[in-house]
Protein chains: 2
Amino acid sequence: MTQPDMPTPPWERPPRRRTPARVPLTRERIVDAAYTVLDREGYDRLSMRQVAAELGVAVSALYVHVRDKDELLRLMYNRVFEGYDLPEPDPARWREQVMDFARQGRRRLLGHRDLAKISLGNVPFAPELLPHVEKLLGLFAAAGLPRRVQAIAGDLLSTYIDGFVLEESLWRDRYPETGGNAPEQMREEVNDYFASLPPDRFPNLVALADLMMDESNDYRFELGVEIILRGLASYVGEQDPDEESRSRR
Amino acid sequence: MTQPDMPTPPWERPPRRRTPARVPLTRERIVDAAYTVLDREGYDRLSMRQVAAELGVAVSALYVHVRDKDELLRLMYNRVFEGYDLPEPDPARWREQVMDFARQGRRRLLGHRDLAKISLGNVPFAPELLPHVEKLLGLFAAAGLPRRVQAIAGDLLSTYIDGFVLEESLWRDRYPETGGNAPEQMREEVNDYFASLPPDRFPNLVALADLMMDESNDYRFELGVEIILRGLASYVGEQDPDEESRSRR
DNA sequence: AGTTACAGTGAACAGCGTTCAGTTCTCCAG
DNA sequence: CTGGAGAACTGAACGCTGTTCACTGTAACT
């Protein structure tokens with residue numbers, strides 16, 4: 001050990017500890033590993049044991065850093081929003097800005113297998129996520145929406161995004177193999193199925209058979225967002241809807 | 001035992017077999033039991049073993065009637081729509097009719113604990129459910145919506161309903177005990193939390209604190225549906241949106 | 001140098017979905 | 001009434017799962 005009264009010569013123990021021999025486990029590393037397992041195995045096979053194995057560590061070691069699997073899933077969820085940078089609200093362009101938010105959200109959820117399943121099980125009220133909620137609300141406020149509409153618009157939009165992506169991944173799960181042209185084949189089969197229904201009992205389904213499973217998820221997604229946007233826009237400048245019923249209570 | 005050579009008196013064994021001693025297991029009875037377990041234990045504790053125990057039967061007996069747990073969940077999901085009776089489409093009242101569908105959907109999902117979780121994991125394309133999809137589409141067709149909007153409107157609406165109810169139940173799960181006034185207390189706590197945020201960093205959240213967790217889920221739900229309805233209504237009579245981009249492909 | 005604090009270990013527990021070789025029961029043909 | 005076919009159901013087992021706990025080894029501080 002070093003003498004207390006002598007300065008330590010620099011070559012002796014250069015930094016006090018160069019490499020901690022064992023890389024210490026951290027929440028970050030655990031979440032990283034969890035994402036690796038998620039992408040490789042999918043949500044149903046995402047288990048504490050798999051995550052531990054990915055890190056070359058005993059299962060119980062995880063529980064030192066993470067209360068339980070639920071907390072791990074919450075930590076994974078929080079990361080979905082990392083690096084989301086919403087622009088300053090521009091009242092003139094709020095619709096494009098919200099559409100952009102939606103597109104970005106979908107892209108992030110599609111970035112990891114089954115991530116939508118995790119997202120739907122959580123409410124974005126973790127402290128780390130509040131800045132993002134705040135910014136989205138800012139967009140709606142700038143648009144001039146009534147307060148009550150502002151308060152619900154974020155929910156409505158996020159629910160749609162999560163639900164849409166979840167449905168995308170459900171279809172993917174049902175047609176897992178079949179090589180590269182799986183989505184194409186799936187679309188064809190489903191459309192054929194709808195088209196083959198008895199037209200007297202299912203006139204509308206038959207008539208829309210070609211559109212139920214559109215060739216472009218992107219288009220269907222954006223049309224959905226557009227419908228919501230038009231609904232929101234119809235409230236611009238209005239009084240809080242049903243305001244009097246509130247003061248009546 | 002009855003004597004072999006004597007005619008059986010009618011009161012002895014009136015029909016050849018009165019009660020089959022063991023009530024035969026059927027899909028119906030299994031789904032019934034599954035709902036009982038779901039209501040009592042919740043989705044996470046809904047297991048094949050619990051269902052079997054509920055029926056007083058070995059686990060493996062279930063697998064004679066049901067391929068796997070996934071199929072059981074699908075059967076449970078199908079029952080959500082049982083007895084849904086949509087009215088004949090009335091073009092003049094399509095908005096009320098759709099709102100009614102939404103209200104009915106939410107009420108059904110709220111009818112059993114965690115049912116929304118099951119609903120979100122399924123697409124309503126089982127043969128038994130197609131009549132309901134057909135009828136909903138009929139409403140949109142009668143409204144005079146463009147075909148592509150018709151094709152997506154059902155998805156949009158169902159996703160919203162499922163997502164909204166799921167979120168309701170997530171909040172319920174987080175505040176399970178605390179007696180009768182749990183929702184009231186929860187609302188207060190959450191609102192206070194939002195109101196206590198630093199106003200310079202979260203101006204919008206603070207400003208909307210009183211509305212984020214409204215006193216009335218009913219009101220928030222219907223406002224969401226109303227937004228969607230207004231968005232849909234804005235398309236009435238329009239050409240298929242982006243139609244030319246489709247023919248361009 | 002000895003002590004303290006703790007990250008990480010390995011075994012264990014209870015419960016899960018699913019399978020399968022057997023047993024039991026029902027019903028029909030002879 | 002008997003015998004047998006076939007379905008319905010059982011019990012045990014396999015390999016998973018989340019979580020806990022007494023333990024070991026290492027690092028840091030006095």
Side-chain angles (χ1 to χ4, degrees), chain A residues 1-5 8 12-30 33-34 37-38 40-76 114 117-118 121, chain B residues 1-8 13 15-30 33-34 37-38 40-76 114 117-118 121:
Chain A
M1 285 293 144
T2 52
Q3 278 90 351
D5 42 11
T8 315
E12 185 83 336
R13 287 147 74 236
R16 193 164 166 84
R17 296 160 48 244
R18 320 185 317 202
T19 310
R22 240 185 307 184
V23 184
L25 219 47
T26 62
R27 281 167 164 245
E28 300 310 315
R29 293 218 310 134
I30 292 175
V37 174
L38 181 68
R40 192 179 55 228
E41 309 280 342
Y43 181 79
D44 293 333
R45 303 187 112 88
L46 170 60
S47 71
M48 300 300 272
R49 282 174 155 87
Q50 294 278 343
V51 174
E54 184 67 28
L55 290 162
V57 126
V59 207
S60 43
L62 301 180
Y63 286 86
V64 176
H65 303 272
V66 150
R67 179 180 300 276
D68 52 16
K69 189 180 180 182
D70 229 59
E71 178 167 274
L72 176 53
L73 291 176
R74 256 196 310 277
L75 292 175
M76 295 178 75
D114 288 342
K117 276 184 192 153
I118 295 175
Chain B
M1 285 287 162
T2 51
Q3 277 87 353
D5 42 13
M6 286 286 285
T8 316
R13 288 148 70 240
R16 186 164 171 80
R17 297 160 47 244
R18 323 182 315 201
T19 309
R22 238 185 307 185
V23 184
L25 220 45
T26 61
R27 283 170 161 244
E28 300 310 315
R29 293 219 309 134
I30 292 175
V37 174
L38 181 68
R40 191 180 55 229
E41 308 280 343
Y43 181 80
D44 294 333
R45 303 186 112 89
L46 169 60
S47 70
M48 300 301 273
R49 283 173 155 90
Q50 295 278 343
V51 174
E54 183 68 30
L55 291 161
V57 123
V59 208
S60 41
L62 302 180
Y63 286 86
V64 176
H65 304 272
V66 149
R67 178 180 302 279
D68 53 16
K69 188 180 179 182
D70 229 60
E71 179 168 275
L72 176 54
L73 291 176
R74 255 195 310 276
L75 292 174
M76 295 178 75
D114 289 341
K117 276 184 191 154
I118 295 174

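Below, chain A is the first sequence line, B the second, and so on; all start at residue 1.
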Between [atom2] of [N] and [atom1] of [X], the distance in whole Å:
{"X": "A/Tyr63", "N": "C/dA12", "atom1": "OH", "atom2": "C1'", "value": "14 Å"}
{"X": "A/Met48", "N": "D/dC16", "atom1": "CE", "atom2": "P", "value": "18 Å"}
{"X": "B/Arg49", "N": "D/dC14", "atom1": "CZ", "atom2": "P", "value": "14 Å"}
{"X": "A/Asp68", "N": "D/dT20", "atom1": "CG", "atom2": "P", "value": "8 Å"}
{"X": "A/Arg27", "N": "C/dA7", "atom1": "CZ", "atom2": "C1'", "value": "15 Å"}
{"X": "B/Asp70", "N": "C/dT18", "atom1": "CG", "atom2": "C1'", "value": "13 Å"}
{"X": "A/Lys69", "N": "C/dC16", "atom1": "NZ", "atom2": "C1'", "value": "12 Å"}
{"X": "A/Arg29", "N": "C/dG8", "atom1": "CZ", "atom2": "P", "value": "8 Å"}

Checklist entry - Is any side-chain N of the basic residue among B/Arg49 and B/Glu54 closer than 4.0 Å to the acidic one's carboxylate O? => result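 No, no charged N to carboxylate O under 4.0 Å.
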Side-chain ([X]) to main-chain ([Y]) donor-acceptor, under 3.5 angstrom:
{"X": "A/Gln50", "Y": "A/Leu46", "answer": "no"}
{"X": "B/Arg27", "Y": "B/Val66", "answer": "no"}
{"X": "B/Asp114", "Y": "B/Lys117", "answer": "no"}

Checklist entry - Reckon B/His65 has a side-chain N or O less than 4.0 Å from the OP1 or OP2 of D/dA8? => result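 No, outside the criterion.
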Checklist entry - Would you say a side-chain N or O of A/Ser60 is under 4.0 Å from OP1 or OP2 of C/dG8? => result no
Next on the checklist: Using a 4.0 Å heavy-atom cut-off, does B/Val59 contact any base of the nucleic acid, only the sugar-phosphate backbone, or nothing at all?
Outcome noted: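 Answer is base: heavy atoms of B/Val59 come under 4.0 Å of a base.
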Checklist entry - More 5' along DNA chain C: B/Gln50 or A/Leu25, using each one's nearest nucleotide? => result A/Leu25
